[in-house]
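Right, one structure below, let's go through it.
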Amino acid sequence: MSPPHTGPGFAAEQRITACNRDCPDACGIVATVEEGRITRLAGDPDHPVTQGFLCHRTSRFLERQYAPDRLISPLRRDGEGFVPVSWDEALDDIARRLLAIRAESGPAAILAYRCGGSMGILKGVVDYFFERFGPVTVKSGDVCTGAGDAAQMTDFGDEDSHDFFDPTRSRTIILWGKNLHVSSVHLIPVLLEARSRGARLVSVDPVRHKTAALCDLFVQPRPGGDIALALGVARRMFDAGTTDPRATDYCDHLDEFLALARSRSVETWADLAGVPLASLEALADAYAIRPAALHIGWGLQRRRHGSATVRVLDALGAISGNLGIPGGGVSYYTKRRGAFDLSFARRDEVAPRLLPEARLGRAILEARDPPIRAVWISSANPVAMLPESRTVAAALAGRELTVVVDSFLTDTARLAHYVLPTTTLLEEDDLLGAYGHHWLVESRPVVPPPPGVKSDLDIIRALADRTGLGDAFADDVDTWKRRVLSKVADRGASLDDLRRGPVRNPLAPTLMYPERVFPTPTGKVNLVHDVPLDAPRGTALRPLLLMALATERAQGSQWLPAQQEGPATATVHPAAAAGFAAGDLARLESEIAEIVVRLAFDPRQRPDVVLMEKGGWLSAGRCANALIRGEETDAGGCAVYHDTPVRLLPMVPD
Ligand SMILES: Nc1nc2c(c(=O)[nH]1)N[C@H]1C(S)=C(S)[C@@H](COP(=O)(O)OP(=O)(O)OC[C@H]3O[C@@H](n4cnc5c(=O)[nH]c(N)nc54)[C@H](O)[C@@H]3O)O[C@H]1N2
Ligand SMILES: Nc1nc2c(c(=O)[nH]1)N[C@H]1C(S)=C(S)[C@@H](COP(=O)(O)OP(=O)(O)OC[C@H]3O[C@@H](n4cnc5c(=O)[nH]c(N)nc54)[C@H](O)[C@@H]3O)O[C@H]1N2
Ligand code: SF4
Ligand SMILES: [Mo]
């Protein structure tokens, strides 16, 4: 760790916390604080995964922390704008109205919605409050990982991953739909280490991005062509005898899966996947070199057949003999809540009504008996981030009471009746697990929040006091932390242990299914054998598929205003934009809406897609989600984000 600055008039101190952003890495952060102000952020060199570096977006978080547009007072709607009000005024009125709505219409008339603004485990206390106050209406499904979660639960009966460093034991590593430089930066050193030990790296992605440059083989299927590609790989492996002869001992439906793979020739599978035969063969031959780790990204399951796609990849992992062995495995998600005792809340079990997250806007508008009268939103910007942004906006604007807890006046907050200003990740007091590794960390405020700003927990406690639940929410943060750590406290992961540094979840395995026994009803892998083979395609009118993907530059919709000026960039292969030149403005039109974009050309991309950054603001005219219809995936209630047919149209002359 670099020494703190010292010298006359200079009292710098380094404080450790953790990053709570929706990211697989849950990094340790070292913040330098000088005279009450944070002056530098760095990765914790003592965190085994963080290894002393932060990603691009969080390295620059101080611009957000000290942004002039940060909210520092509760706001109450006043006509088209807002007026600052005191916390007492805001909370008294909100409590009074929530109580009245509950009395008149029942708690189901209230929706509490939370997404990925913070991964802090104690954000669950917000849900718990609304459970005790109600239970109220909550969301079903998960627009982030739902389809893949459902797939893994169906196939394996559980969902977790091999140890983070296990790939150093692999001979082959397949990154199936993973953009490391954007969303898994701390995996890069591990994979480079594996590579230096002789492992081959492979990327399978319809989009060519920087990760391809790290890899020995890059396969670029059509979007959603993965089912055909994986079945082609399976067929070639069956034909070449490179599958595991013992697979029958631990897989159900092996014959049916074999028949499915053999239902087409390898050439036909390659054609359906939109790849050259040689690419498919090279992928199959690489995967046959065991141990081979299969890392599945989250983007590919945000499609209509997203769950089926992950199921086929799970099956490939099984028949290839890579389950349960060091250096192998099918890693999709790491059980980030696994260490914590969250039994205080019963969530979906007791909710009177669930509204599908992927169709939240329409579901709110259509809810009856009772209608949704009030909405509480925290850690989320559903207008920018959920599909069908304009419907979500109309749904929220039409409620009697919409409360948004955020640090900025987001697209969602702009529609609220009350906006309550909350703490940032550098003021957070919480615990974190990660969905990309098994280390647990504590986040501690490195500076206090500005006066006028409260944490979600403090807001909930103040609301509990006003709604007759004060006693149930009287505990302080540390009491909550100790409560949720009760399963692991006497196994080396107590709060005091975490205060000394990151601790690997003592309940987490280093290897999944080493005995090849699975917590499914039969104890075997449930191989998929009935899958849709039609990959998503554009239509004759709208031949391109829109893919708005995570970007290095931002977390979700968390941009600085200057980054949202002017039209959003849409990147296409030049052949996808005949008649346009790079840099031109164009109208990007889907079946439901259009936005203006500035075109960038990249001849390395497929000619059947339009690439945008996810998280553009509706208020800035940059929101890809305005074009996307709210629909759920085949299972798990993920959103169909990436299957929207679009076309480019010339600007209308003035
Ligand atoms: N910098 C940054 N990091 C982030 C986020 C962010 O907004 N910014 N968001 C965070 C969140 S919420 C999450 S859930 C994760 C997101 O992580 P991911 O969902 O994994 O991120 P994406 O980049 O959207 O998608 C990953 C890759 O999947 C590919 N992909 C899309 N469709 C297909 C397909 O049909 N087949 C195949 N093979 N690949 C496909 C994309 O081209 C992309 O390269 O990252 C987190 N990290
Ligand atoms: N087109 C398209 N859309 C997508 C995706 C995609 O790939 N393509 N990805 C989807 C995915 S994977 C996800 S997870 C969702 C993410 O959707 P969201 O989680 O809604 O995304 P964010 O923009 O990160 O919004 C979170 C908000 O929480 C606020 N916040 C941060 N910390 C706190 C806190 O401690 N308390 C409170 N109350 N608020 C806080 C932030 O300021 C921010 O405004 O988006 C989805 N949307
Ligand atoms: S966003 Fe992810 S990679 Fe970046 S600092 Fe936070 S946890 Fe680490
Ligand atoms: Mo996500």
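Whatever order the structure lists ligands and atoms in, that order sets their numbers, starting from 1. What you see below is based on every heavy atom in this structure, not just the backbone, and it leaves out hydrogens, waters and symmetry mates. From a predicted model like this one, the values you see are computed outputs, not experimental measurements.
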Checking a contact table here: which protein heavy atom is nearest [atom], and how many Å away?
{"atom": "atom 21 (O) of ligand 1", "value": "Ser183 OG, 3.7 Å"}
{"atom": "atom 2 (Fe) of ligand 3", "value": "Cys23 SG, 2.2 Å"}
{"atom": "atom 36 (N) of ligand 1", "value": "Asp226 OD2, 2.7 Å"}
{"atom": "atom 5 (S) of ligand 3", "value": "Thr58 CB, 3.5 Å"}
{"atom": "atom 6 (Fe) of ligand 3", "value": "Cys19 SG, 2.3 Å"}

Going by the atom numbers of ligand 2, which of them fall below 4.0 Å from some non-hydrogen atom of [X]?
{"X": "Gly116", "result": "19 (O)"}
{"X": "Asp22", "result": "14 (S)"}
{"X": "Asn625", "result": "1 (N), 2 (C), 3 (N)"}
{"X": "Cys115", "result": "16 (C), 17 (O), 18 (P), 19 (O), 20 (O)"}
{"X": "Arg64", "result": "41 (C), 42 (O)"}
{"X": "Lys123", "result": "34 (C), 35 (O), 36 (N)"}

Where on [X] is there a heavy atom closer than 4.0 Å to ligand 2, on the side chain, on the backbone, on both, or on neither?
{"X": "Thr145", "answer": "neither"}
{"X": "Glu427", "answer": "neither"}
{"X": "Ala624", "answer": "neither"}
{"X": "Arg21", "answer": "neither"}
{"X": "Val405", "answer": "both"}

- Heavy-atom proximity to atom 44 (O) of ligand 2, best of Asp406, Leu386, Thr644, Thr423: Asp406
- Nearest heavy atom to atom 24 (O) of ligand 2, choosing from Gln558, Met612, Gln555, belongs to Gln558
- Message: When you measure from the heavy atoms of His56 to every atom of ligand 3, does any distance fall below 4.0 Å?
- Response: no
Just distances here: any N/O of [X] and N/O of ligand 1 closer than 3.5 Å?
{"X": "Lys614", "result": "yes"}
{"X": "His642", "result": "no"}
{"X": "Val182", "result": "yes"}
{"X": "Met547", "result": "no"}
{"X": "Arg303", "result": "yes"}
{"X": "Gly299", "result": "yes"}
{"X": "Gly556", "result": "yes"}
{"X": "Pro223", "result": "no"}
{"X": "Gly224", "result": "yes"}

- Message: Against ligand 2, does Ser379 come closer than 4.0 Å with any heavy atom?
- Response: yes
- Query: What orientation do Phe473 and Tyr128 show, parallel under 30°, tilted 30 to 60°, or perpendicular over 60°?
  - Reply: tilted
- Hey, would you say the His186 and Phe53 ring centroids sit under 6.0 Å apart? yes
- Verify the ring-centre separation between His47 and His437: is it less than 6.0 angstrom? yes
- Task: Check if Arg553 has a non-hydrogen atom at a distance under 4.0 Å from any atom of ligand 1.
- Result: no
May I ask you to check if ligand 2 and [X] share an N or O to N or O distance below 3.5 Å?
{"X": "Pro382", "value": "no"}
{"X": "Ser407", "value": "no"}
{"X": "Ser378", "value": "no"}
{"X": "Thr410", "value": "no"}
{"X": "Asn20", "value": "no"}
{"X": "Cys144", "value": "no"}

Residue part near ligand 1, for [X], under 4.0 Å between non-hydrogen atoms:
{"X": "Ala554", "result": "backbone"}
{"X": "Thr551", "result": "backbone"}
{"X": "His209", "result": "side chain"}
{"X": "Tyr435", "result": "side chain"}

- Task: Check ligand 3 against Cys55 and write out every atom of the ligand that is under 4.0 Å from a heavy-atom position of the residue.
- Result: 1 (S), 3 (S), 4 (Fe), 5 (S)
- Message: Leu54 and side chain to side chain contact (heavy atoms under 4.5 Å, CB included): which single residue from Asp44, Asp25, Ile29, Val185 fits?
- Response: Ile29
- Message: Suppose we only count N/O/S atoms under 2.8 Å; would Cys27 qualify as near atom 6 (Fe) of ligand 3?
- Response: no
